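The figures here come from the full heavy-atom set of this structure, side chains too, leaving out hydrogens, waters and symmetry mates. This structure is a prediction, so every number in the text was calculated from the model and none was measured.
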Amino acid sequence: MLFRSKCRDDAIKVISDKIGGDVIVINPCSFKRCDIALIPEKIVDAKGLKQADGQNVLTQTVEKGTLIALNEIEPFSILPLTITRENCDNIENHLKVSPDILENDFIQIQFNKNGDIINIYDKQNNRSVLPEGGIANQFQAFDDRPLHGDWADIGDAWDIDIFYDDKKWISEPASIIKVMETGPLRATIEIHRKI
């Protein structure tokens with residue numbers, strides 16, 4: 001495995017030296033890709049990345065490096081990117097995040113102060129997905145002690161007795177709800193709960 005990694009890294013270095021660019025993106029697949037990739041380094045003191053044709057590349061600095069998003073990358077292709085110090089302000093952030101809302105172009109998710117999802121709104125179809133008063137993402141635990149079977153040899157994991165929900169625990173309200181990432185490629189909140 002170590003040999004294959006060294007061969008790959010050496011080959012990428014040779015290709016990078018030939019085509020230039022500060023970062024290269026490789027699509028080794030036989031089909032077009034439109035993914036978000038993670039560069040393990042943070043692009044410091046830069047405004048972003050540009051393709052060879054001058055098109056800006058959407059980036060976001062995150063804890064483990066830099067996320068980049070490109071339009072479709074052709075199969076079996078290599079795309080060099082250049083770090084730019086020019087302003088890349090023409091890229092809009094379509095993600096909205098706060099302790100009580102996560103939203104993109106397709107969906108809006110609302111949280112209550114306990115950290116429960118209280119509404120999932122499908123913007124494309126103009127409808128709420130949850131029923132009135134419904135709660136999503138509710139972490140529940142049950143005490144399931146089957147009447148049949150030995151605890152040493154439990155058997156089928158789906159052999160659940162009808163009374164499994166007689167003893168049920170629901171997680172406590174959130175002690176912390178905080179925004180972790182604000183986009184433009186990824187927006188996240190972190191919710192701390194105890195059960």
Measure the [atom1]-[atom2] distance between [X] and [Y] for me, rounded to the nearest 0.5 Å.
X	Y	atom1	atom2	result
Lys32	Asp35	NZ	CG	14.0 Å
Asn104	Lys96	CG	NZ	9.5 Å
Glu172	Lys194	CD	NZ	5.5 Å
Lys64	Leu67	NZ	CG	11.0 Å
Asp165	Gln140	CG	CD	9.0 Å
Asp143	Lys168	CG	NZ	14.0 Å

Consider only side-chain heavy atoms of I, L, V, M, F, W and Y, link residues closer than 4.5 Å, and tell whether [X] and [Y] are in one cluster.
X	Y	value
Ile26	Ile68	no
Trp169	Phe139	yes
Ile177	Ile170	no
Val129	Leu102	yes
Leu95	Ile191	no

**Study point:** Side chain proximity check, Val57 to Gln51, heavy atoms < 4.5 angstrom
**Key:**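 Side-chain contact under 4.5 Å: yes.
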Let me have the donor-acceptor pairs involving side chains of residues 180-189, under 3.5 Å, with sequence neighbours excluded, atom names and distances please.
{"residue": "Glu181", "atom": "OE1", "partner": "Arg186", "partner atom": "NE", "Å": "2.7"}
{"residue": "Glu181", "atom": "OE1", "partner": "Thr188", "partner atom": "OG1", "Å": "3.4"}
{"residue": "Glu181", "atom": "OE2", "partner": "Arg186", "partner atom": "NH2", "Å": "3.0"}
{"residue": "Thr188", "atom": "OG1", "partner": "Glu181", "partner atom": "N", "Å": "3.3"}

Looking at every non-hydrogen atom in both residues, tell me the closest pair between [X] and [Y] and how far apart they are.
X	Y	answer
Lys42	Thr66	CA-OG1, 3.3 Å
Gly21	Pro80	CA-CB, 4.2 Å
Ser171	Ile195	N-CD1, 3.8 Å

Side-chain polar contacts of residues 108-122 - donor-acceptor pairs under 3.5 angstrom, sequence neighbours left out - could you list them?
{"residue": "Gln108", "atom": "NE2", "partner": "Glu103", "partner atom": "OE1", "Å": "3.0"}
{"residue": "Gln110", "atom": "OE1", "partner": "Asn119", "partner atom": "ND2", "Å": "3.3"}
{"residue": "Asn112", "atom": "OD1", "partner": "Asn114", "partner atom": "N", "Å": "3.0"}
{"residue": "Asn112", "atom": "OD1", "partner": "Gly115", "partner atom": "N", "Å": "3.1"}
{"residue": "Asn112", "atom": "OD1", "partner": "Asp116", "partner atom": "N", "Å": "2.9"}
{"residue": "Asn112", "atom": "ND2", "partner": "Asp116", "partner atom": "OD2", "Å": "3.4"}
{"residue": "Asp116", "atom": "OD1", "partner": "Arg193", "partner atom": "NH1", "Å": "2.8"}
{"residue": "Asp116", "atom": "OD1", "partner": "Arg193", "partner atom": "NH2", "Å": "3.2"}
{"residue": "Asn119", "atom": "OD1", "partner": "Ser128", "partner atom": "OG", "Å": "3.1"}
{"residue": "Asp122", "atom": "OD1", "partner": "Gln124", "partner atom": "N", "Å": "3.1"}
{"residue": "Asp122", "atom": "OD1", "partner": "Asn125", "partner atom": "N", "Å": "3.2"}
{"residue": "Asp122", "atom": "OD2", "partner": "Asn125", "partner atom": "ND2", "Å": "2.7"}

Practice item. Give a yes or no on whether a salt bridge exists between Arg33 and Glu72, defined as a side-chain N under 4.0 angstrom from a carboxylate O. Key: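 No, Arg33 and Glu72 are not salt-bridged.
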Check your understanding: Hey, are Asp10 and Lys6 close enough for a salt bridge, meaning a charged N less than 4.0 Å from a carboxylate O?
Key ->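 Salt bridge flag = yes for Lys6 with Asp10.
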Review point. Considering residues at least two apart in sequence or located in another chain, which fulfil the ring-ring contact (aromatic ring centres under 6.0 Å, His included) criterion with Phe142?
Key: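 For Phe142, the residues satisfying ring-ring contact (aromatic ring centres under 6.0 Å, His included) (neighbours in sequence not counted) are Tyr164.
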Exercise for review: Using modelled atom types only, decide if a donor and an acceptor are shared between the side chain of Ser30 and the backbone of Phe76 within a distance under 3.5 Å.
Suggested key: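 Pair absent, no side-chain N/O of Ser30 close to backbone of Phe76.
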Check your understanding: Checking Asp22 side chain against Ile83 main chain: does a donor-acceptor pair fall under 3.5 Å?
Key ->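 Flag set: sc Asp22 to bb Ile83 pair under 3.5 Å.
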**Study point:** Chi angles and distances behind the side-chain contact (heavy atoms from CB on, under 4.5 Å) call for Leu38, Val62
**Key:** CA-CA 9 Å; Leu38 175 69; Val62 294; 4.0 Å; yes
Exercise for review: Might you confirm whether atom CD of Glu63 has over 12 heavy atoms from other residues, nucleotides or ligands at distances under 6.0 Å?
Suggested key: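 No, not enclosed.
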Review point. Near Lys123 NZ, under 6.0 Å, is it more than 12 heavy atoms from other residues, nucleotides or ligands?
Key: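 For Lys123, atom NZ is crowded (more than 12 foreign heavy atoms under 6.0 Å).
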Check your understanding: Stepwise, does the side-chain contact (heavy atoms from CB on, under 4.5 Å) test hold for Leu70 with Leu81?
Key -> CA-CA 10 Å; Leu70 300 162; Leu81 303 175; 4.1 Å; yes
Review point. Looking at Ile12, Asn27, Ile24, Ile73, which hits side chain to side chain contact (heavy atoms under 4.5 Å, CB included) with Ile78?
Key: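 Single side chain to side chain contact (heavy atoms under 4.5 Å, CB included) partner of Ile78 among Ile12, Asn27, Ile24, Ile73: Ile24.
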